[in-house]
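Letters A, B, ... are given to chains in the order of the sequence lines, protein chains preceding strands, and every chain is numbered from 1. Because only heavy atoms are used, hydrogens play no part in the values below, and waters and symmetry mates are left out as well, while side chains stay in.
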Amino acid sequence: MTSHIAAIGWRKKRSGLRWLVCAGIVATFVGLPLAGLFLQAIQGSPGLWAHLISTILPAHLVDTLILLCGVGVVTTVVGTTTAWLVTAYAFPGRRILEWALLLPLAVPTYIVAYAYLDILHPIGSVQGAIRWWLGYSSPRQFRLPDVRSMTGCILLLGFVLYPYVYIPTRAMFVTQSANLIDAARTLGISRHGIFWNVALPLARPAVAVGVSLALMETLNDVGAAEFLGVRTLTVSIYTTWITRSDLPGASQIALLLLLIVVGLVALERWARRRQRYSADARRHRSLKPHCITGIKGMILFMLGFTPILIGFAAPALYLVTEALKRVRFAGLSPRLQHEAVNTISLAAIATLVTILLGVVIAYTNRLRPGAVSSWSYRLATMGYAAPGTVVAIGVLIVLASVDRFIDRTALEWFGLSTGLLIMGSGAALIYAYAMRFLAISAGGIDAGLSRISLSLDHASRTLGQSPAGTFRHVHLPLSKAAITAAGLLVFVDCVKELPATLLLRPLNVETFATHLYGEAARGTYEEASIAALAILLIGMAPVILLSRIGRETR
Amino acid sequence: MTKHAFATSTLLAASLCLSAGAASAAEINIYTTREPGLIQPLLDAFTKSTGTKVNTVFLKDGLPERVAAEGASSPADILMAVDAGSLVDLAEKGVTQPIESATLNAAIPAQLRDAKGHWFALSMRARVLYAAKDLDLASFNYEDLADPKWKGKVCIRAGQHPYNTALFADYIAHYGAAETEKWLTGVKANLARKAGGGDRDGAKDIMGGICDIAIANSYYVGLMRSGKGGADQVKWGEAIKVVLPTFKNGGTQVNISGAAVAKHAPNKAEAVKLLEYLVSDDAQKIYAEANYEYPVKAGAKADPIIAALGELKIDSKPLTEIVSHRKQASALVDKVGFDN
């Protein structure tokens, strides 16, 4: 009997070890390009920091922090209030808002920035209408302040990126035990008070995850910041690399940026180190929404619709009119069909790979909590924090060395040169996507798993299931929604991804994003608007699916 | 996802993944930072007359890094880039090889190609002045951009953009770093808005009343006025007049687009043939017209829209000298806080 228990215990340890090794491999796989970056950085760049500190660094650092704080505040406010609005209140149109609030996810920030620059320009439609209404004939007599400013950039990014906060926060509000809220109501606390004192504190981990994703997107953005004239550290990376041909220096700034992000995330974790958020295994009774009709209901609807209008509807409408102009002028290009196939298949495969790797990372973190698994988790999620092009350079360095190694070995053993196998192939792109977006999949799956009580794991293991079996029979059914949601987010991000795709794709292969970039590069913006609209349409389908998952978990 | 859809996408992705490295002997691979759609008609014509297929991939940042990482196995034959600095960078990173071609040397003036044959210019663009239609302005010197009379009236893209660092480097070539710093401080003080956006925004902002003058590349005038960019851009193009500015003791600053043969080009001979084709009389005309640039070959004509801007008097400072100042120019941009 004792020996039997000991055998189970030993097996338990061993099989967990297998997961741990896998997680270590995945983390290494993601860490390698960052290591490549590090190797670049230590080649040194004499005089760079003296120059940076005495010139632009203080200003850019301050601008970066202002932008991060601003976007953090806007996404938190918009994300949590809209999530609470559609959870705690029932009003006409709530069902539509529930899914429509996700739509800004489908539009890349650089497209939104470009659209607004045009819509709000002194010669654009909005100011034109205002001038006509006020009776001015020329923009020289009257014009509004320029959108190209820090405030413009914060508002724009905030209203496009708030869904990153809305999704996890709403999931938290929906699945939160209504018992706590009922208890609060019994104690005579108003709905308003419940939001501040019960719901929001309980949702804090979800808000934190969402905001950190939004901030990483912000740091990644180069296009919107460039259009809007905001100089962040990301722009300094580009200047150092491209204008001064100093890749080691650029890598150093990129690593500094990465350090800032890791620091921010660690700070947030530290701030809530004493709090534990676990749920029990019983089915939740969700919060019963408060019915509001009439004028008040309409006001609530308008409140919930405003972020959709700013982050999605207005730029989408702009794209549709621009694309229509073009189609009427030149018809649809036959290229679009190939590009659709490329975009969708690359994104689909990358999503599957990313989800698999995410499961390994997140599940190991649960199975064998400890230094190794938590470091694997952290390392695996860092690819999201560095700017896309810089990550792509890291990927380039790693894959080229692997290719050279294979080529040399094959030549030695079989007298056969293999040339480049991975570089310049679709596999290189999938690697880059997986490494970039593992943070989303591992984070989402981890959040889904953390809602499952550990006692279920113990029961399953006592009944003789292996870790893999436990995952298949217990965790997978219970976290299917979270895994699918993570997959859809990764898919949308792959479709929107530009810098790594541009740098690593094979000859003669275009996706919608690279087509859009190419058209923009030669200034045919109307043609570009068709590709932009295509990205938006492909992105919308998963986004709408995503909202249905949210509904089913209830 | 259904099983069927899954299987289909797996197959598609597998075929995508394996499409690399399948280049056969009779193909030329071009890595380019210039959008290849513009020169596709020329590449098609080349394929038609020689039977050699031409593959392209449009890269932006990181072209030199990709070629360098691919090393001896790189499939790249030709590297194309805009901006003289980028071409010199390619040569300095050691990813190009010297080409000795009598045809290329005869067609391209010596100051527009590398002395050792590492790179060749294929077209030129000038850094010109866009001005509001009602301004009485027949000529302009780059030096005037710092004149306080233009306070709050100048629009320009980011000072760190290679098009601007090339102009500032030319200023250094004429006047030295100290004078250039003073001038840049003056230009910065004259800006109507933060330096940023693209060159076309200069025209758009002049039309929107934000500024009176803007510095931008010559070919955008063609792209806007020709209607290739759509109806709105025609309005922007018509809202401005264009002056070819000069240095007080020189001419108009020009930059180039050009090409180099990759160090490990699998098809060097074919690659050189394609470059030679691109400097033939007919190809030069089409190559320049495609993007409203100036041809490099004497005698080849620019598009009428560009020709109408007036006679181009190219600045006397050689490209290689200008390019050698580009890092210093970039450092000065930071020093005076031009983009802040």
**Per-residue contact mode, A:Arg244 against chain B (heavy atom under 4.5 angstrom)** = both

**Request:** Counting only heavy atoms closer than 4.5 Å, note whether A:Leu429 contacts chain B via side chain, backbone, both or neither.
**Result:** neither

**Fill in**
Under 4.5 Å to a heavy atom of chain A? For B:Tyr220 that would be neither

**Asked** Would you call A:Asp146 and B:Lys194 a salt bridge, using N to O less than 4.0 angstrom?
**Response** no

**Complete:** Residue from B:Lys93, B:Arg193, B:Arg34, B:Arg326 scoring the most non-hydrogen pairs under 4.5 Å with chain A is B:Arg193

**Prompt:** Out of A:Ser401, A:Ala392, A:Ser245, A:Gly229, which one racks up the most heavy-atom pairs below 4.5 Å with chain B?
**Reply:** A:Ser245

**Request:** Against chain A, label B:Ala329 side chain, backbone, both or neither, depending on which of its atoms sit under 4.5 Å from a heavy atom there.
**Result:** neither

**Prompt:** Could you walk me through whether B:Lys235 and A:Ile123 pass the side-chain contact (heavy atoms from CB on, under 4.5 Å) check?
**Reply:** CA-CA 10 Å; B:Lys235 278 184 250 157; A:Ile123 58 172; over 6 Å; no

**Asked** Can you tell me how far the CG atom of A:Leu507 sits from the CG atom of B:Asn55, to the nearest 0.5 Å?
**Response** 5.5 Å

**Asked** Contact part of B:Asp205 toward chain A, heavy-atom cut-off under 4.5 Å: side chain, backbone, both or neither?
**Response** both

**Request:** Heavy-atom pairs under 4.5 Å with chain B are the metric here; pick the option from A:Glu510, A:Glu322, A:His121 that has the most.
**Result:** A:His121

**Fill in**
Assert top hit (heavy-atom pairs under 4.5 Å, partner chain A, pool B:Gly197, B:Ala239, B:Ala331, B:Gly337) equals B:Ala331

**Message:** Working to the nearest 0.5 angstrom, can you tell me the gap between A:His60 NE2 and B:Asn340 CG?
**Reply:** 5.0 Å

**Request:** Taking all non-hydrogen atoms of both residues into account, name the closest pair between A:Thr239 and B:Ser330 and its distance.
**Result:** CG2-OG, 4.3 Å

**Fill in**
Distance col, row A:Asn508:CG vs B:Glu27:CD, nearest 0.5 angstrom, shows 8.5 Å

**Request:** Please step through side-chain contact (heavy atoms from CB on, under 4.5 Å) for the pair B:Glu70 and A:Asp403, ending with a clear verdict.
**Result:** CA-CA 8 Å; B:Glu70 289 173 343; A:Asp403 268 340; over 6 Å; no

**Prompt:** Would you call A:Ile56 and B:Gln160 a side-chain contact if the rule is heavy atoms closer than 4.5 Å?
**Reply:** no

**Fill in**
Highest number of heavy-atom pairs under 4.5 Å with chain B among A:Leu504, A:Leu228, A:Asp63, A:Leu52 belongs to A:Leu504

**Asked** Using non-hydrogen atoms only, which part of A:Ile393 is less than 4.5 Å away from chain B: side chain, backbone, both, or neither?
**Response** side chain

**Segment of A:Val230 engaging chain B (4.5 angstrom heavy-atom cut-off)** = backbone

**Item:** SB check A:Asp246 B:Lys327 (cutoff 4.0 Å)
**Value:** no

**Request:** To the nearest 0.5 angstrom, please state how far the NZ atom of B:Lys204 sits from the CG atom of A:Leu117.
**Result:** 5.5 Å

**B:His264 NE2: over 12 foreign heavy atoms closer than 6.0 Å** = yes

**Prompt:** Looking at B:Gly208 and A:Pro122, what are the two nearest heavy atoms and their distance?
**Reply:** O-CB, 3.4 Å

**Complete:** Interface check, chain A: of B:Val336, B:Ile30, B:Thr56, most non-hydrogen pairs under 4.5 Å belong to B:Thr56

**Message:** Please classify the contact of B:Asp339 with chain A as side chain, backbone, both or neither, using a heavy-atom distance under 4.5 Å.
**Reply:** both

**Asked** Which of these, A:Thr243, A:Leu57, A:Thr55, sits in a side-chain contact (heavy atoms from CB on, under 4.5 Å) with B:Asp334?
**Response** A:Thr55

**Asked** For chain A, which residues from residues 78-87 of chain B have at least one heavy atom closer than 4.5 Å to it?
**Response** none

**Complete:** Greatest number of non-hydrogen atom pairs under 4.5 angstrom with chain A, of B:Asn291, B:Ile210, B:Asp89, falls to B:Ile210

**Message:** Using a 3.5 Å distance criterion without hydrogens, assess whether the side chain of A:Arg404 forms a donor-acceptor pair with backbone atoms of B:Ala72.
**Reply:** no

**B:Leu332 versus chain A, the contacting section by heavy-atom distance below 4.5 Å** = neither

**Message:** Quick one, A:His515 and B:Phe58 - any side-chain contact, counting heavy atoms below 4.5 Å?
**Reply:** no

**Message:** Just to be sure I understand the criterion: a residue of residues 60-68 of chain B counts if one of its heavy atoms is under 4.5 Å from a heavy atom of chain A. Which ones qualify?
**Reply:** B:Lys60, B:Asp61, B:Gly62, B:Leu63, B:Glu65, B:Arg66

**Request:** Using non-hydrogen atoms and a 4.5 Å limit, figure out which bit of B:Thr165 sits close to chain A: side chain, backbone, both or neither.
**Result:** side chain

